[in-house]
J.: 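Below is the structure I would like to discuss, written out as structure tokens.
For the single chain, residues carry numbers from 1 onward in sequence order. These numbers come from a predicted model, not from an experiment.
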Amino acid sequence: MMRSTRAPGSRSSPKSNRGVLSRCRICGAQTLKKFLSLGPSPLANNFLTTEQLRRREPYFPLDVCVCTTCWLVQLADVVPPETMFAQYLYLTGASPPMRLHFAGLAADLVRRFSPPRASLIIDVGSNDGTFLEQAQAHGLRGLGVEPAANVVAVAEARGVETLNAFFNMEVAERIVRDKGPARAVVATNVFAHVHDLYGFVAAAVRLLAEDGVFVLEVPYVVEMLDRLEFDTIYHEHLSYFGVRPLTLLFDRFGMQVTHVSRLKVHGGSIRVYAQRPRDAAPSQAVSELVAQETARGLGTFETYELFAQRVHALKHELTGLLRQLKARGSRIVGYGAPAKGNTLLNFCRIGTDMLEYVIDTTPFKHGRYTPGMHIPVFPETRFQSDRPDYALLLAWNYADDILKKEVVYREQGGKFIIPIPHPFIVS
Ligand code: TYD
């Protein structure tokens with residue numbers, strides 16, 4: 001039995017504090033159809049202090065829908081952004097592979113668009129300034145926009161000017177007035193968080209110089225479906241994008257998706273470039289991906305129902321494996337405390353009876369407890385001195401790096417359990 005939590009259904013959701021969507025975020029049609037319920041869940045980044053453990057934890061429904069008109073996968077329940085992003089425990093720079101990734105993005109921007117020296121680059125949802133620091137190293141002028149005050153402080157300390165604000169038209173107008181138009185507006189891992197996609201794109205377009213480019217990075221819905229990455233579903237992620245719905249969205253602003261490339265980050269993402277049509281013709285990659293999405297069945301409801309069935313089967317397989325290992329007396333911990341880990345732990349009801357603790361490199365998370373299942377979070381040093389038998393790799397998107405980094409643990413008999421797409425033990 002789980003030790004630390006009451007059944008989530010027993011807690012009332014603060015209904016007055018949230019909105020429920022009846023129309024699709026992109027096409028506006030009233031054709032949202034639910035295909036998966038991950039149950040009432042706590043907020044995935046709401047790591048709790050010891051003091052907070054004593055208080056009632058807010059739970060919200062986590063139901064996933066697809067619009068059967070434009071086929072955008074989305075959550076209908078909208079938790080107010082102030083609840084989720086005023087303080088943020090995720091630091092981009094805490095994951096070394098992400099630092100490399102953003103160095104690559106800065107180099108890509110410079111190679112493709114040759115922005116003149118000191119061109120203004122706006123990063124929306126700039127987190128701790130990891131990307132803009134790289135852009136500045138190329139001689140570009142960076143300005144971040146970031147709602148979480150705690151991470152703004154980290155960005156400023158590394159020399160990245162950052163506005164502490166939610167991005168909207170008013171902020172865009174202010175930036176244009178004070179700094180001029182931007183050569184590029186970059187939004188990585190933030191677009192999925194945006195409820196009002198129209199307001200966001202309108203503000204980004206307002207910011208862009210005539211020949212400016214809007215660069216988006218979003219997790220790719222095809223990867224989520226193919227690799228059973230259901231744990232990337234949490235309240236912060238309101239939309240799960242394919243290329244096709246994005247082309248429809250940009251079209252409404254007279255913008256055109258001119259190129260798309262696939263990326264490894266966050267379990268498989270896409271980098272999408274949107275420009276005014278006269279600036280560039282779309283590359284072949286755009287039409288190819290749209291065609292592949294159709295061939296993959298993204299325009300068929302059964303595809304999503306099948307995904308939901310596979311998610312339920314995975315839950316049984318994973319919890320069965322953990323129970324079996326525990327019955328043999330094995331010690332198991334969680335490796336990484338990503339937000340997605342909390343979807344997995346809560347949906348599968350994996351608590352301290354299975355995982356003794358989880359470790360993570362993010363200092364803000366240390367000494368706290370995972371939302372919902374209340375598993376304590378420790379620094380990596382704990383894992384290195386403790387050497388448990390198994391580590392459930394909650395940060396599976398960094399599997400390559402982590403398996404390399406923990407070679408000594410593995411040589412000494414330690415094993416990793418990679419949970420998706422099928423629980424898999426790596427020695
Ligand atoms: P990430 O998968 O980037 O994000 P999300 O929270 O959106 O699911 O989070 C990875 C987490 O894993 C982050 O908290 C840092 C942690 N981490 C480690 O603990 N060790 C590591 O070696 C790496 C690469 C990450």
J.: Looking at N397 and K340, what are the two nearest heavy atoms and their distance?
T.: OD1-NZ, 3.0 Å
J.: Under the salt bridge (Lys or Arg N to Asp or Glu O under 4.0 Å) rule, what pairs show up with a residue in residues 407-418, not counting sequence neighbours?
T.: none
J.: Over 60° means perpendicular and under 30° means parallel, so tell me whether Y198 and F253 are parallel, tilted or perpendicular.
T.: tilted
J.: Do E156 and V152 touch side chain to side chain, with heavy atoms closer than 4.5 Å?
T.: yes
J.: What's the separation between atom OG1 in T68 and atom CZ in F35, rounded to the nearest 0.5 Å?
T.: 12.0 Å
J.: So, do V215 and V272 sit near enough that their side-chain heavy atoms are less than 4.5 Å apart?
T.: no
J.: Search all heavy atoms of A339 against all heavy atoms of A44 and return the closest pair with its distance.
T.: O-CB, 3.5 Å
J.: Using the ring centroid of each side chain, check whether Y409 and F416 are separated by less than 6.0 Å.
T.: yes
J.: Please indicate whether F424 has more than 12 foreign heavy atoms, meaning atoms of other residues, nucleotides or ligands, lying under 6.0 Å from its CZ.
T.: no
J.: Do side-chain atoms of R244 reach the backbone of L298 as a donor and acceptor pair under 3.5 angstrom?
T.: no
J.: Establish, from distance only, whether the side-chain atoms of T69 and T31 form a donor-acceptor pair under 3.5 Å.
T.: yes
J.: Could you state the interatomic distance from CZ (R310) to CG (L225), rounded to the nearest 0.5 Å?
T.: 8.5 Å
J.: To the nearest 0.5 Å, what is the distance between CD1 (I417) and CG (L321)?
T.: 5.0 Å
J.: Does any donor atom in the side chain of E146 or T162 lie under 3.5 Å from an acceptor atom in the other side chain?
T.: no
J.: Going by heavy atoms in the side chains, are E406 and F383 under 4.5 Å from each other?
T.: yes
J.: Check whether any side-chain heavy atom of C24 sits under 4.5 Å from a side-chain heavy atom of L32, and report yes or no.
T.: yes
J.: Run the salt-bridge test on E133 and R158 with the 4.0 Å N-O cut-off and return the result as yes or no.
T.: yes
J.: Please report the closest heavy-atom contact between V257 and P282, naming both atoms and the distance.
T.: O-CB, 3.6 Å
J.: Quick check on side-chain contact (heavy atoms from CB on, under 4.5 Å): which of T319, L322, T343, D231 does C348 satisfy it with?
T.: T319
J.: When you check the gap from the basic side-chain N to the acidic O, do K404 and D401 get nearer than 4.0 Å?
T.: no
J.: If I take atom OG1 from residue T130 and atom CE from residue M98, how far apart are they, to the nearest 0.5 angstrom?
T.: 8.5 Å
J.: Could you check whether any side-chain heavy atom of F241 comes within less than 4.5 Å of a side-chain heavy atom of I26, counting everything from C-beta outward?
T.: yes
J.: Looking only at heavy atoms, what is the nearest atom pair of Y59 and G372, with distance?
T.: OH-CA, 3.4 Å
J.: Can you confirm whether D389 sits close enough to I332 that some side-chain heavy atom of one is under 4.5 Å from a side-chain heavy atom of the other?
T.: no
J.: Quick check: do I233 and L75 have side-chain heavy atoms less than 4.5 Å from each other?
T.: yes
J.: Can you check salt bridge (Lys or Arg N to Asp or Glu O under 4.0 Å) on D400 and K264, steps first, answer last?
T.: CA-CA 11 Å; D400 292 349; K264 284 206 167 138; 5.4 Å; no
J.: Is there a side-chain contact between T352 and P376 in this structure, where contact means two heavy atoms from C-beta onward sitting under 4.5 Å apart?
T.: yes
J.: Inspect the surroundings of NZ in K33 and state if more than 12 heavy atoms from other residues, nucleotides or ligands are less than 6.0 Å away.
T.: no
J.: Between R331 and D386, is the salt bridge (Lys or Arg N to Asp or Glu O under 4.0 Å) condition met? List the steps.
T.: CA-CA 10 Å; R331 294 185 55 221; D386 199 25; 2.7 Å; yes
J.: Would one find more than 12 heavy atoms of other residues, nucleotides or ligands at under 6.0 Å from atom CD of Q284?
T.: no
J.: Is the centre of the Y234 ring less than 6.0 Å from the centre of the H193 ring?
T.: no
J.: Roughly how far apart are F47 CZ and N342 CG, rounded to 0.5 Å?
T.: 4.5 Å
J.: Hey, does the Lys NZ or Arg CZ of R382 hover above the aromatic six-ring of Y357, less than 6.0 Å from the centre and inside 45° of the axis?
T.: yes
J.: Search all heavy atoms of G144 against all heavy atoms of S126 and return the closest pair with its distance.
T.: CA-OG, 3.3 Å
J.: Checking side-chain contact (heavy atoms from CB on, under 4.5 Å) against L289, which of V222, T247, V243 comes through?
T.: V243
J.: Could you give the distance from OH (Y304) to SG (C65), rounded to the nearest 0.5 Å?
T.: 12.0 Å
J.: Do D353 and K326 sit within salt-bridge range, that is, some charged N less than 4.0 Å from a carboxylate O?
T.: no
J.: Kindly give the heavy-atom pair with the smallest separation between A184 and L109, and that separation in Å.
T.: CB-CD2, 4.2 Å
J.: Count the heavy atoms of every other residue, nucleotide or ligand shown that sit under 6.0 Å from NE2 of H422, and state whether that count exceeds 12.
T.: no
